[in-house]
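Quick caveat, the model's predicted, so the values are computed rather than measured. Throughout, a chain's letter reflects where its sequence line sits, starting with A, and its residues are numbered from 1.
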Amino acid sequence: MPSTTPILRRLLRPTRPRLSPQPRPPRPPPSSSSSTTTPPHTNTPPNGGATGTPAPSWVGHPLRLILTTLKFVAFTHLLWEYVISMAPASGPSMLPTFEVLGEWLLVSKLHRFGRGVAVGDVVAYNIPINDEVGVKRVLGLPGDYVLMETPADHHGADGGVGAGAGVGSQGGGGGSMIQVPKGHCWIVGDNLVASRDSRYFGPVPLALIRGKVIATVRPFSEFRWIDNALRKADSPDED
Amino acid sequence: MAARWAWGSAAAGGQRSKFLRQVSHYLIRYATWIPPLIWFNAYVAQVTFIRGPSMYPFLNPHYNDSLREDLCLVWKLYAQEGLRRGMVVVFRNPYDPNKTTVKRIVGLPGDVVRTKPPYPYEHAAVPEGHLWVEGDGDKSQDSNYYGPISARLVTGRVTHVVSPWERAGRVRWWEHPLRAGVHRAA
């Protein structure tokens, strides 16, 4: 106990407020005249830096320095986790939008848990069946009706991989629809034939959505915002 | 705004400004501890109240005759690893991402579970990466309502009961009998 007390006392001792106009005299005041000329040391012992240049006052006690570093790291982590983050992405599932390799995505964590996410947004989400992170486009929100399989391909090619293959062979109009349950969303990649998404593992809980992809920053010269690709279809009657 | 006012009066000098300067200084100093606390609560451990009767009689056994709620320690470090049947886990509700729920793990990936009434089918196979969770009590909205949940939703495990002094201590989930009607995969 007696060994920890001085450390605790030094920790709990209030440092000088940074906006104080005149420096307080050092703790053992030698004389009134020399107090104005000595540089203010808050935490270095009075005779500690006698040999060389003393440590600057903002360095302080090593323990306090460690604590300040930890607090700074925690603050940065907070921003990274709840405001904005950046991560590399790879894979062919979003091919027209993102390239297979070398994409760096800017993710807005303010949209985590699907807050403010609309149909057509690109989101980063925790894949429900393994422990990886995926990037896909939201095609349905709670209450929406979505096609469970790949839309039939009229150009004769295979409809898709996995679950979609059987539907593609049926021709147009096949497939079944479901209503996205509450608290869930329907997520599909842009590259339908090479994407493992809600067609495979079903609706994804909104709690697994990490954030909304707002930009790619790969080389900064090719920076571009990712906007909502949903467009109003032109109906022929309106013309 | 208040800080600016304090700054202005501090520049003017005086006894009150000294007081304000000290108060704002200490407020800022204590505020720097908020990010580490948030990080600790989100990733290491958290002490929370258990609401509702879904884990009756294991947690909140007096929900009918008292307003008292159990206080529990939720351990969040590596929460999604090494999950076993019988563990009491905390996860984000698949129906509402802003709510967290406490349930007991009944089935692991590959298990076939005999379901309870609201579920449309008699048996349910737990898919890969998913869990079948149920409350101990009858009044529980669990996997029988929303089906197997993804293990990625799990945010923590209830490891200790803190508050009712007579039941305080470690949660001995391994001593809890496994639910009947689960065909275990392994």
Practice task
Could you check if a side-chain atom of Tyr43(B) sits within less than 4.5 angstrom of a side-chain atom of Glu81(A), using non-hydrogen atoms only?
Solution key: yes
Practice task
May I ask you to test the Trp33(B)-Leu67(A) pair for a side-chain heavy-atom distance under 4.5 Å?
Solution key: yes
Problem - Region of Phe201(A) that comes under 4.5 Å of a non-hydrogen atom in chain B - result: neither
Handout entry: Which atoms of Ile129(A) approach chain B - backbone, side chain, both or neither, heavy atom under 4.5 Å
Key = both
In this structure, are over 12 heavy atoms from other groups packed under 6.0 Å from [X] atom [atom1]?
{"X": "Arg196(A)", "atom1": "CZ", "result": "no"}
{"X": "Arg167(B)", "atom1": "CZ", "result": "yes"}
{"X": "Glu122(B)", "atom1": "CD", "result": "no"}
{"X": "Trp165(B)", "atom1": "CH2", "result": "no"}

Completion exercise
Comparing His184(A), Arg115(A), Lys71(A), Arg112(A) against chain B, the one with the most heavy-atom pairs below 4.5 Å turns out to be Lys71(A)
Completion exercise
Per-residue tally against chain B (heavy atom, under 4.5 Å) across Thr68(A), Asn126(A), Leu206(A) peaks at Asn126(A)
Exercise for the section: Report yes or no: does Arg152(B) contribute a side-chain atom to a donor-acceptor pair with the main-chain N or O of Leu208(A) at less than 3.5 Å? Expected result: no
Can you measure from [atom1] ([X]) to [atom2] ([Y]) and round to the nearest 0.5 angstrom?
{"X": "Thr32(B)", "Y": "Leu70(A)", "atom1": "OG1", "atom2": "CG", "value": "11.5 Å"}
{"X": "Glu81(B)", "Y": "Asp131(A)", "atom1": "CD", "atom2": "CG", "value": "8.0 Å"}
{"X": "Trp39(B)", "Y": "His77(A)", "atom1": "CH2", "atom2": "NE2", "value": "8.0 Å"}

Exercise for the section: Please name all residues satisfying side chain to side chain donor-acceptor pair (under 3.5 Å) with Lys116(B), sequence neighbours left out, ordered by chain then number. Expected result: Glu134(B)
Fill in the blank from the handout: Honestly, the part of Pro94(B) sitting under 4.5 Å from a heavy atom of chain A is both
Fill in the blank from the handout: Closest non-hydrogen contact found for Ser150(B) with Pro128(A) is OG-O, 2.8 Å
Fill in the blank from the handout: Of Asp96(B), Asn93(B), Ile38(B), the largest count of non-hydrogen pairs under 4.5 angstrom with chain A goes to Ile38(B)
Let me check something: any side-chain donor-acceptor pairs from residues 49-56 of chain B under 3.5 Å, sequence neighbours excluded? List them with distances.
{"unit_1": "Ser54(B)", "atom_1": "OG", "unit_2": "Lys103(B)", "atom_2": "NZ", "d": "3.1"}

